[in-house]
Amino acid sequence: MSSVPRSIALIDCNNFYVSCERVFRPDLLTRPVIVLSGNDGCIISRSNEAKALGIRMGAPLFQMQELIQGHDVTIFSSNHVLYADMSNRVMSTLQKFSPVREIYSIDEIFLDLSGFADINSYAATLRHQVIRDTAIPVCAGIAPTKTLAKLANLMAKRHPRSTGVFNLNNLTEKQINSVLSHIPINEIWGIGRQLTASLNLSGIYTAAQLRDAPASTMRQRFGVITEKTIRELRGECCIELGETTPARQQILNSRSFGSTVTDIADLQDAIIHFVSHVAKKCRDQHSVASILQIFIQTDRFRTDRPQYCPSISIPLTTPSANTITLGKLALQGLDSIYQTGYHYKRAGVILSEISHAAQSQGDLFAADTSKPELMKTLDALNRRYGKGTVTLGQEGAQHAWQTRQENKSPEYSTNWDQLPVCR
DNA sequence: TCTCCGATTAGAC
DNA sequence: CTAACGGTCTAATCGGAGA
């Protein structure tokens with residue numbers, strides 16, 4: 001009994017961050033545009049025109065400076081509030097198209113379209129709906145497994161005059177072979193730099209070659225992930241759709257500083273900021289953490305200066321998500337790892353061993369009682385009047401460690417005060 | 001020798 | 001003028017400590 005293959009669709013926004021900026025700057029629709037990472041450091045999104053100029057993904061901005069200046073490239077700092085809001089809009093449109101779905105990242109969603117009638121035109125409809133609702137362009141790849149759907153999406157994006165939909169289930173075996181033999185393995189989901197290098201050494205260069213390699217021996221040499229990838233390339237489902245977003249197991253907040261800091265007071269200020277942020281995220285998912293980690297780092301690229309990257313892991317006797325409790329411990333931890341005389345470039349805070357607040361061990365007998373009501377009030381005020389309305393004493397307004405963001409667009413879709421027309 | 005656990009590595013986006 | 005290289009997260013794997 002040969003069963004009909006599943007139709008798993010991967011819908012992926014085109015050049016997502018750039019597309020978000022273009023929604024509010026239609027004058028840039030045909031121009032080279034890039035979006036930078038935090039601190040305006042690396043290039044993390046490029047328009048097709050920027051890609052065509054040879055501007056590399058992930059490259060540090062200063063290395064691409066020549067290309068950029070010669071071609072009037074428009075540069076944006078990251079505007080995460082804008083991207084998160086646009087993502088919510090895109091996802092709420094797309095979720096209506098299948099009851100079985102998984103939001104995989106800020107700009108991607110898997111939809112199970114198995115058994116649907118006329119899948120190709122359904123996918124075309126969904127693309128147009130997203131454009132109408134949000135002005136963000138998306139492409140759809142359809143295949144029997146997630147890994148193949150990823151590749152199908154790649155094909156949909158790559159084919160210049162394609163309709164933005166590519167369905168591997170419509171192809172003959174011969175056509176599939178042809179497609180896979182033209183895709184280098186580094187473009188496969190789950191095959192990164194290291195695996196590409198070692199697989200190449202064994203003579204495997206294309207998706208077709210990887211698919212046809214013996215699965216069990218490959219598992220021994222290259223690990224389980226490679227084996228699953230091989231099976232998925234054959235059309236065998238090994239990675240199911242995860243329909244519920246599980247609570248975070250780890251919550252991290254870290255920053256590279258705009259310039260180096262030497263004073264512990266500046267680090268304290270930064271750490272308190274990070275603690276507030278992670279504690280809030282933890283409370284938002286109704287969790288508490290059992291381990292609090294603090295780290296500070298010197299600039300790893302300044303090899304001419306002494307390096308010092310200490311960290312400390314602080315176990316909590318009572319799991320907590322309380323900013324005050326965690327803040328005190330964090331500052332003690334910082335004290336114990338800080339050394340004078342270094343130029344610190346980055347710091348961060350990690351919450352781990354996270355469990356659900358209600359079922360946390362010892363909760364009944366030893367709850368974290370340091371002003372839990374204060375946390376609720378603080379969260380409520382910030383919800384009501386906007387983020388940053390009420391902060392703890394040490395979260396000042398001026399920060400020596402603040403990141404550079406020289407080309408940030410307004411939060412068009414979420415903040416009236418930032419709309420030029422409302423000034 | 002086995003098992004457990006924290007640290008490290010690899011990958012995604 | 002010079003210096004300039006992200007932030008969050010998961011899962012697999014490694015390797016040492018202790019049983």
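Numbers restart at 1 for each chain; the letters A, B, ... are given by sequence-line order, proteins then strands.
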Please check if the number of heavy atoms outside A/Arg221 that lie under 6.0 Å from its CZ is greater than 12. no
Using a strict threshold of under 4.0 Å (side-chain N to carboxylate O), is an ion pair present between A/Arg305 and A/Asp299? no
Do any of residues 209-237 of chain A sit with a heavy atom less than 4.0 Å from DNA chain C, and if so which? A/Gly223, A/Val224, A/Ile225
Those residues that, when tested against A/Glu227, pass side chain to side chain donor-acceptor pair (under 3.5 Å) (two or more places apart): A/Arg219, A/Arg231
Do A/Gln250 and A/Ser352 have a side chain donor and acceptor closer than 3.5 Å? no
Using a 4.0 Å cut-off on protein heavy atoms (strictly under), produce a 5'-to-3' string for nucleotides 2-12 of chain B with B for base contact, S for backbone-only sugar-phosphate contact, and - for none. --------SSS
For A/Ser78, is there any backbone N or O sitting under 3.5 Å from a side-chain donor or acceptor partner on A/Gln405? yes
Can you run down the ring pair (Phe, Tyr, Trp, His ring centres under 6.0 Å) pairs that involve residues 316-341 of chain A, sequence neighbours left out, and say none if there aren't any? A/Tyr338-A/Tyr344
Each stem that DNA chain C is part of, given as range with range (3 or more consecutive Watson-Crick or G-U pairs, under 3.5 Å): B:1-13 with C:7-19
Who pairs with A/Ser98 by side chain to side chain donor-acceptor pair (under 3.5 Å), at least two apart in sequence or on another chain? none
Partners passing salt bridge (Lys or Arg N to Asp or Glu O under 4.0 Å) against A/Asp40 (at least two apart in sequence or in another chain): none
Please identify each residue that fulfils side chain to side chain donor-acceptor pair (under 3.5 Å) with A/Thr93, with sequence neighbours left out. A/Asp133
Among residues two or more places apart or on two chains, list those pairs meeting ring pair (Phe, Tyr, Trp, His ring centres under 6.0 Å) that have a residue in residues 198-231 of chain A. none
Protein proximity profile, nucleotides 3-9 of chain C - base contact B, sugar-phosphate-only contact S, no contact -, cut-off 4.0 Å on heavy atoms: -BBSSSS
What residue pairs, at least two apart or across chains, pass side chain to side chain donor-acceptor pair (under 3.5 Å) with a residue in residues 60-76 of chain A? A/Arg31-A/Asp72
Residues forming a side chain to side chain donor-acceptor pair (under 3.5 Å) with A/Glu108, sequence neighbours excluded: A/Ser105, A/Lys150
